Amino acid sequence: MSFPLLTATAALPAIGAVATAAVPAARRTTAKWLALVFSLATLVLAGIALARFEPGGDRYQLTESHAWIKDFGVRYELGVDGIGVALMALTALLIPFVILAGWHDADPLETKSSRWRPTQGFFALILMVEAMVILSFEATDVFLFYILFEAMLIPMYFLIGGFGDRAHTGSDENAAAQRSYAAVKFLLYNLVGGLIMLAAVIGLYVVAGTFSLSEIAEARANGSLSMATGTERWLFLGFFFAFAVKAPLWPLHTWLPNAMGEATSPVAVLITAVVDKVGTFAMLRFCLQLFPEASKWATPVIIVLALISIVYGALLAVGQRDIKRLIAYASISHFGFIILGIFAMTSQGQSGATLYMVNHGISTAALMLVAGFLITRRGSRLIADYGGVQKVAPILAGTFLIGGLATLSLPGLAPFVSEFLVLVGAFSAYPAAGIIATTGIVLAALYVLVLYQRTMTGPVKAEVQGMADLKVRELAVVLPLIALLLFLGVYPKPLTEIVNPAVQHTMSDVQKKDPQPEVEAAK
Amino acid sequence: MENLIALLVAAPLLGAAVLLCGGRRLDRAGHWIGTLLAAASFVVGVVLFLDMLGKGAEDRALHQKLFSWIPVEGFQADVAFQLDQLSMTFVLLITGVGTLIHIYSIGYMEHDERRRRFFGYLNLFLAAMLILVIADNYLLLYVGWEGVGLASYLLIGFWQHKPSAATAAKKAFLVNRVGDMGLSIAIMLMFTTFGTFAFGPVLEATGETGEGKLTAIGLMLLLAACGKSAQVPLQSWLGDAMEGPTPVSALIHAATMVTAGVYLIVRSGAIFNAAPDAQLVVVVVGAVTLLFGAIVGCAKDDIKKALAGSTMSQIGYMILAAGLGPIGYVFAIMHLVTHGFFKAGLFLGAGSVMHGMNDEVDMRKFGGLRKYMPVTFITFGLGYLAIIGFPGLSGFFSKDKIIEAAFAKGGTEGWILGSVALLGAAITAFYMTRVMLLTFFGEKRWQPDAEGHEPHPHESPKSMTIPMIVLAFGSVFAGGFFSIGDRFLNWLEPVTGHSHGHAPVSATTVTAATMVVLVIGVAIAWAMYGRKPVPVVAPRGSLLTRAARRDLLQDDFNHVVLVRGGEHLTRSLVYVDHTLVDGVVNGTAASMGGLSGRLRKLQNGYARSYAVSMFGGTAVLIAATLLMRAV
C-alpha cells in the first residue's frame, strides 16, 4: 500500500492542533511556532500532492478507500481531481499566513490566571479548521463529506465567538454581545443548511443504496440507477441549499458581514477565503455530478440569484462604513461570480469559477490581512476614522492598494484571469447575464477606490499621525501573497492545466457542450 | 528582429519594478534610471523602425509570441506582440515623447521628495502603453488599456494629500471603467462570434458574420474609446485629471494615453468598415466632442484646463476622422502624431510657466510673461501656431486633411461634418489665441500671495527647455514632412487602407475656408483680450460662458443623478439588507423550521443552547438512521 498522502495532508494539521492545544499556558510563543511549523509542513505535503497529481491522468487521483461503517455502506474514501487538489493547495497555502497575521491576536490582554490558554486555543482551532477543510476537499464519500461539512462549524464558531476583533466601538460588553450574536448567527444559518442537507443525504442513500460518489456516478452513467425527476430535484435542492448558505448566495448571505466584521481579520480570511470555498466547491462536485438534470433545471433561478449577489453585494459594499464589512460584501459579490461561472455550464465559466476560488482566496487574504494590520494600529474599523495613511505608512498603503486592485480584478493580477473567464463563459451561454455581471467591474472599482481614498489619501488625520509602517512579520505575510497574485495573473497556465481536465469531466457529467462560435457554427 | 519587440516593454517595466520596489536608497539615482530605460526603449524602437523601412511595404509586420497566457478549453489567449506600421508609429511617439518628458520631469520634479516614485509610475505607464499598441489580440490590449488607466490613476493622484487630486484620480479610473465595460463586452462578443479575439483572425473574418453583430462590437469598442479618449459622454474626467503634475498632463493626458481610443478604432477598422451604423455614431461622437471641448476650452481661466478642453476637442477631430472609415484613418493617425508634438509642447510650456509662477494656473494672474520667459514663449508660441493651423506648420497639414475628409464623406452628412470641423477650427483659433494673449501678452497681472510672496517669473532650467525646443521643432516641421510626397499616407496605407471619398468642394476651397475661419477666430480673441486690459477677476459672463466654465453642466448632471442617486440607492440598500433581507430570512427560517422566535432573540443565552440542541438533534437523527438500517 502506498503512503496515504491525502490522509496525511489532513492528519498533520489535526495532530498540530492537538499538539498546540497541549502546550502549557506560559509557553505561548512555543504554541505559535508549533502551529506555524505544522501549517508549513502541511503546505509541503500539499505541495507534494500537487506535484504528484497528473493533469492528464485519472479523474480522481491519490485515492484511498477503507470500509468505515460497514452496515451503512459508509466508506472512508478519498481522492482529488484538479479542482480538489487546487483548493487543497490553496488552503494549505493560506493557513501559514493566517497564523502569522494573527500572531498577536490571541495574546491575553492581562495575565488572568495561569491556566487560561487562549493563545493555544486560537491556533489549535485554526489548524483544526484546516484539517477539516482539507479533508472535505478530498472526500469522495458523501457521508464523510457531510460529517466534515458540519463538524467544521464547531471550531469556526469558537473562533468567531471567542476571539473577536479588539477594534470595536462602544463598551466591551456590547462588543462581546455583538460577537456572540455573529457567532451564533453563523452557526444557526449553517446548521439549518446542514440539517436540510442531511435529509437529502439520507434521501440519496435510500435511492442509491450507497454514499460513494464514484459508485453513484457510475450507476447513473450506465443507467443502473435512475432517479425520478421529482426526487432528483428535491435531493438537489437539499444539497444546494446548504452550499448556498455557506458560499453564501443572496439572500442567504446576511450572516457573513456579521461574522467577518466581528471576527479578527485572520479568522475573517479563514471564513471567506477557506471555509466558504467548501460551499462553491461542493456545488461543482456534488450538485452537478450527482444531479445533472436537476442542476440544469435549476440553472435559470440560480443564475438570477448569482447576478443579484454580484450587483447587490457590490452596491452594499459601496454603502458600508466598516472596512471589514465592506470586504465581506465584496466577497458576496465575488461568490456571485463563482456561482455564475459554475452554473453557466461552459468550459470557460467553470474553469474561471475554479480559478476564481483560488484567486479570490489569495486576493481577499491580501486585502483583509492588510486591513487587519491597519485596524490593529488605530483600534477602529470605521472608514471615517482614517485619512492620509499613505503619508505616514506608504508601504502599508501601497500593499493595501495592490490588494484592492486585485479585488477589482485589474489585468495583470490573478483575479482578472478568473473574472474574465467567468464573464466570457457566462456571456457565451447567457449573453444578458454576462452583460449584467460586467457592471460588477465598475462597482468593484467604486468600492475599492472609495475605500482607498477615504482611508489612505487626503490630509493626515491626527489619530493616524505617527502610525508605524508594516513590520517584518507583516511584510512576510503580505509580500508572498502579492507575488502570487502577480505570478498567477501573468502566468496562470500551471493552474489552468490542472483544472481543465476536471472541468471537462464535469461538463460531460452534465452532458453540456460549449456553444460554438457563430462563424464556425455556420461553416 | 522580432525578438527585440519584447525589449520595448521590458525596459520600462524593469524601470518601474526597480524604482517602485527599490526603496529610498535609489532616491538619488531614480530619475536617471527611469529616464535611461525610457530612452533605451526609444532606441530599440528606432532600430526596429530602421529595419522596417528597409523592407517592402507588405513584409513590414513583425510578430513575436512570448507564451500562452490563459489556455482554457475553447479559449486561447496569448502574450504575443505584433509590430506593424500602425503600431510602429505609436511606439516611436510614445517612447520619443515619453523620453523627452522624462527628461523634463527631472527638472520639474526636482524638489519633490517622492520623485523616484514619480519616475517609477512614468515607466509603468510607458510599459503599459506599449503593451496596448503592440498587443496582437484584444485581451492583451485590454491589459495595456487598464494598465495605462492604473498609471493614470496613480499619477493624477500623485499629490494624494490634496483631496482634490485623490478625487480626480478616482473619478478618472471610474469613468474609464465604464468604458472598459464596453471593451470587455466587445471581446466577449468577438469570442462568441469568431471564437477568438486575436486581431488577425477577427479582422479577416468580419465578412462571415452579420452586420448586426459587427455594429454591436463597434459600438462597444466606441464606448471603450469614449472612456479612454475623454469623448462625450464619458469626457468628464479629463479636466479634473489636470490635478496631476504637468508632465503627466503632457504625456498621458495629451500626447499618448488619451489617444488610445483613436488607435482602437483605427486598429478595428475592418469591423467599422462593415458596420456603417456604428461608424455614424463614431462621427457623431467625434463631432459633438470637438465642439464640446472647444467651447469648454474658451471659458476656462486655468491654463491647464483650457488646454485639456483643447485636447478633448482635438481628439474629437481624430475620432471624427476615424469614423469616416478609409477616407479618414490615415489622417486620424497623422493628426494624432502632430497633436502629440504640439500639445505635449504646449503642456510643457504651461508647466514651465507654472514653474516660474509659484504653481499659479490662473491665466488672469499671468500677463506679459514673454519678457521673462523667452524660450517658453517662443516654443509655446510655435505650438500655438501649429494647433490653430497656421500655414506651413504641423497642425495646418493634419487638421486640414481631416476637414477635407469630413466633406468627402459626401451627401448631407459630409456638409454637416465638414461645417462642424470648420467651426471647430474657428473656435480653436479663438481659445488658443486667448490662452496666448492672457499668458504672454498684455500687462503683468500677478500679485503677492496671501503670505506676501510675489512670484518672480524666470526661465526654466535646460532640462526643461530642451524637451520643449525639440517638441517645438516637431510642431513646426512634422506635418510638412509627413505630407510632402504623401509620406505618411504611403507608410500607413498598407495597414489601414485608404480611399479618397467624393469631395463636393476642392481641397483648395477647403484650405481657403479654413484660413478664413482661422483669421476670424484670432481676430475675435484679439478684440476681447488683446485690445483692452484683462480683469484679474473673471466677469460674470453670459449664460453659455458660465455653463462652459462648469464643463457645460455635465458634471452637475453626473453629481445629481449618479453620485447623489447612487448614494441614496446604496444607503437604502444597506437599510433593506439589514432589516428586510435579514429579517425575512430569519423569519422564514423561524416559521419553517419551528425555530420560533428565538432567532430574533439571538443575543440571549438560549440561542447558544439551542445551537447545541440542534447539533444534538443531528447526532440523534444520524444514530436513528443507522439503527434502523442495522435492524
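Below, read A as the first sequence line, B as the second, and so on, with proteins coming before strands; counting in each chain starts at 1. In this text, all values refer to a predicted model and were calculated from it rather than measured experimentally.
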Out of [options], which one racks up the most heavy-atom pairs below 4.5 Å with chain A?
{"options": "B/Gly157, B/Ala165, B/Ala205, B/Ala166", "result": "B/Ala166"}
{"options": "B/Arg571, B/Lys213, B/Met190, B/His578", "result": "B/Lys213"}
{"options": "B/Ile187, B/Leu20, B/Ile185", "result": "B/Ile185"}
{"options": "B/Asp180, B/Val576, B/Leu569, B/Leu139", "result": "B/Leu139"}
{"options": "B/Val72, B/Val143, B/Thr209", "result": "B/Val72"}

Residue pair B/Gly210 / A/Glu518: nearest heavy atoms and the distance that separates them:
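Scanning both residues, the minimum pair turns out to be N-OE2, 4.1 Å.
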Among residues 144-152 of chain B, which residues come closer than 4.5 Å to chain A, judged by heavy atom distances?
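Expected list: B/Glu146, B/Leu150.
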At under 4.5 Å between heavy atoms, what parts of residues 167-176 of chain B are in contact with chain A? List them by residue number.
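Only B/Thr167, B/Lys170, B/Phe173, B/Leu174 of residues 167-176 of chain B have a heavy atom under 4.5 Å from chain A.
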Can you confirm whether [X] sits close enough to [Y] that some side-chain heavy atom of one is under 4.5 Å from a side-chain heavy atom of the other?
{"X": "A/Pro394", "Y": "B/Arg114", "result": "no"}
{"X": "B/Leu19", "Y": "B/Leu124", "result": "no"}
{"X": "B/Thr192", "Y": "A/Pro515", "result": "no"}
{"X": "B/Asp78", "Y": "B/Leu140", "result": "no"}
{"X": "A/Gln320", "Y": "A/Tyr447", "result": "no"}
{"X": "A/Tyr312", "Y": "B/Asp577", "result": "yes"}
{"X": "A/Val442", "Y": "B/Met181", "result": "yes"}
{"X": "B/Met188", "Y": "A/Thr438", "result": "yes"}

Tell me every residue that passes salt bridge (Lys or Arg N to Asp or Glu O under 4.0 Å) with A/Arg325, counting only those two or more places apart in sequence or in another chain.
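For A/Arg325, no residue satisfies salt bridge (Lys or Arg N to Asp or Glu O under 4.0 Å) once neighbours in sequence are set aside.
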Please determine, among [options], the option with the most heavy-atom pairs under 4.5 Å with chain B.
{"options": "A/Gly458, A/Ser347, A/Gly319", "result": "A/Gly458"}
{"options": "A/Leu252, A/Thr439, A/Val503", "result": "A/Thr439"}
{"options": "A/Val318, A/Leu410, A/Asp514", "result": "A/Leu410"}
{"options": "A/Gly425, A/Gly387, A/Ala445, A/Ala317", "result": "A/Ala445"}
{"options": "A/Leu408, A/Val201, A/Ile435", "result": "A/Leu408"}

Check each atom of [X] against the heavy atoms of chain A and say whether the ones under 4.5 Å are side chain, backbone, both or neither.
{"X": "B/Leu189", "value": "both"}
{"X": "B/Tyr142", "value": "both"}
{"X": "B/Leu66", "value": "neither"}

For A/Arg454, does the CZ atom sit with more than 12 other heavy atoms under 6.0 Å from it, leaving out its own atoms?
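Atom CZ in A/Arg454 is not crowded, with 12 or fewer foreign heavy atoms closer than 6.0 Å.
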For the OH atom on B/Tyr575, are there more than 12 heavy atoms of other groups (residues, nucleotides or ligands in this structure) within a distance under 6.0 Å?
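Result for OH/B/Tyr575: open.
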According to the interplanar angle, ranging from 0 to 90°, do the rings of A/Tyr146 and A/Phe143 count as parallel (below 30°), tilted (30 to 60°) or perpendicular (above 60°)?
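Rings of A/Tyr146 and A/Phe143: tilted, 30 to 60°.
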Would you check, one step at a time, whether the test side chain to side chain donor-acceptor pair (under 3.5 Å) holds for B/Thr196 with B/Gln76?
CA-CA 7 Å; B/Thr196 173; B/Gln76 190 61 43; over 6 Å; no
Taking the six-membered ring for Trp and the full ring for Phe, Tyr or His, determine whether the centres of B/Tyr153 and B/Tyr121 are under 6.0 Å apart.
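Not under 6.0 Å, so no.
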Donor-acceptor pairs are to be reported for all side-chain atoms of residues 488-496 of chain A against protein atoms at under 3.5 Å, with residues two or more places apart or in another chain.
unit_1: A/Thr496; atom_1: OG1; unit_2: A/Lys493; atom_2: O; d: 3.0
unit_1: A/Thr496; atom_1: OG1; unit_2: B/Pro71; atom_2: O; d: 3.4

